[in-house]
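Atoms considered below: every heavy atom in the structure, side chains included; atoms not considered: hydrogens, waters and symmetry mates.
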Amino acid sequence: MVVKVWLGALCRVVLGVATGIDGGMEPAAPSELPIGRLQLMEVVDMLVDIARARATEHGPSAPCVGDVAFVAALALIQLQEVERAREQLAAARAVLPETDLRHVKLLDMAGVMLDAVAAVE
């Protein structure tokens, strides 16, 4: 549940889209996270721990591991930690199914945002 909450919040803030419970997406009004940088860094640590636990339980190539890596990538993009975000995005892309158009679209959008952040460094 915590991963879904952060997915919704970070998609809204980083990608500018609201993700629906039905898997749909629509443009979202600009927003900010109600936490600071240090708290978001703690969220990343928590997500990495969740991914590790899911990999142990379901195997490293399970889509649920990719979901967490994607959310961690969004948090790292927000933190402007380009290299770590790139690693998490690559991990997500490696295991999330290419047949799921929603995942593909979100991954592509995150990649564009990551490139934009990297360009201003």
Side-chain angles (χ1 to χ4, degrees):
M1 185 62 161
V2 70
V3 176
K4 286 185 180 184
V5 170
W6 282 108
L7 172 65
L10 289 164
C11 276
R12 182 177 296 277
V13 171
V14 176
L15 304 179
V17 297
T19 56
I21 196 103
D22 61 350
M25 292 185 295
E26 59 185 48
S31 64
E32 294 182 17
L33 292 174
I35 62 172
R37 181 175 177 80
L38 290 177
Q39 290 90 357
L40 189 55
M41 291 170 71
E42 290 175 0
V43 168
V44 170
D45 290 341
M46 175 193 62
L47 291 167
V48 169
D49 288 343
I50 291 170
R52 195 173 299 125
R54 286 185 178 184
T56 300
E57 185 174 336
H58 302 285
S61 60
C64 64
V65 176
D67 286 336
V68 180
F70 175 71
V71 178
L74 292 178
L76 290 162
I77 291 169
Q78 180 70 13
L79 290 167
Q80 298 181 347
E81 293 193 21
V82 173
E83 290 310 313
R84 287 183 67 199
R86 226 178 269 293
E87 290 169 5
Q88 291 296 315
L89 203 54
R93 195 175 292 277
V95 298
L96 290 172
E98 292 180 10
T99 55
D100 184 337
L101 297 181
R102 177 177 174 267
H103 277 126
V104 171
K105 188 179 289 188
L106 288 171
L107 286 164
D108 289 346
M109 291 171 70
V112 169
M113 290 306 296
L114 181 56
D115 289 343
V117 169
V120 297
E121 284 194 332

Honestly curious: do L38 and I77 fall in one hydrophobic cluster under the side-chain, below-4.5 Å linking rule?
yes
What is the distance from atom CG of D67 to atom CD1 of I50, rounded to the nearest 0.5 Å?
11.5 Å
Grab the two heavy atoms, one from G66 and one from A92, that are nearest each other, plus how far apart they are.
O-CB, 3.4 Å
At what distance, to the nearest 0.5 angstrom, does CG of L114 lie from CD of Q80?
10.5 Å
Closest heavy-atom contact between L33 and A9?
CD2-CB, 4.1 Å
For C11 versus F70, what's the shortest heavy-atom pair and its separation?
SG-CE2, 4.3 Å
Treating R93 as the side-chain partner and L107 as the backbone partner, does any N or O pair qualify as donor plus acceptor under 3.5 Å?
yes
Given the rule that I, L, V, M, F, W and Y join up when any side-chain heavy atoms are under 4.5 Å apart, are V65 and V43 in one cluster?
no
Working to the nearest 0.5 Å, report the span between CG of L40 and CH2 of W6.
6.0 Å
In Å and rounded to the nearest 0.5 Å, what is the CZ to CE distance from R102 to M25?
6.5 Å
If you count the non-hydrogen atoms of other residues, nucleotides and ligands that lie under 6.0 Å from CD in Q39, is the total more than 12?
yes
Is there a donor-acceptor pair closer than 3.5 Å between any side-chain N or O of R84 and the backbone N or O of L76?
no
Treat each ILVMFWY residue as a node, draw an edge where side-chain heavy atoms are under 4.5 Å apart, and state whether I35 and V3 are in one component.
yes
Is there a chain of hydrophobic side chains (I, L, V, M, F, W, Y, each step under 4.5 Å between heavy atoms) that links L15 to V104?
no
Please assess R86 against D115 for the test salt bridge (Lys or Arg N to Asp or Glu O under 4.0 Å), listing each intermediate value before the final yes or no.
CA-CA 9 Å; R86 226 178 269 293; D115 289 343; 3.5 Å; yes
Heavy-atom closest pair (V2 atom, M46 atom, distance to 0.1 Å) is CG2-CE, 3.9 Å
Between V95 and S61, the two heavy atoms sitting closest are CG1-CA, 3.5 Å
Salt bridge or not between D49 and R52? Use side-chain N to carboxylate O under 4.0 Å.
yes
For C64 against R54, the heavy-atom pair lying closest together:
O-NH1, 3.0 Å
Residues R37 and E81 bridged, charged N to O under 4.0 Å
yes
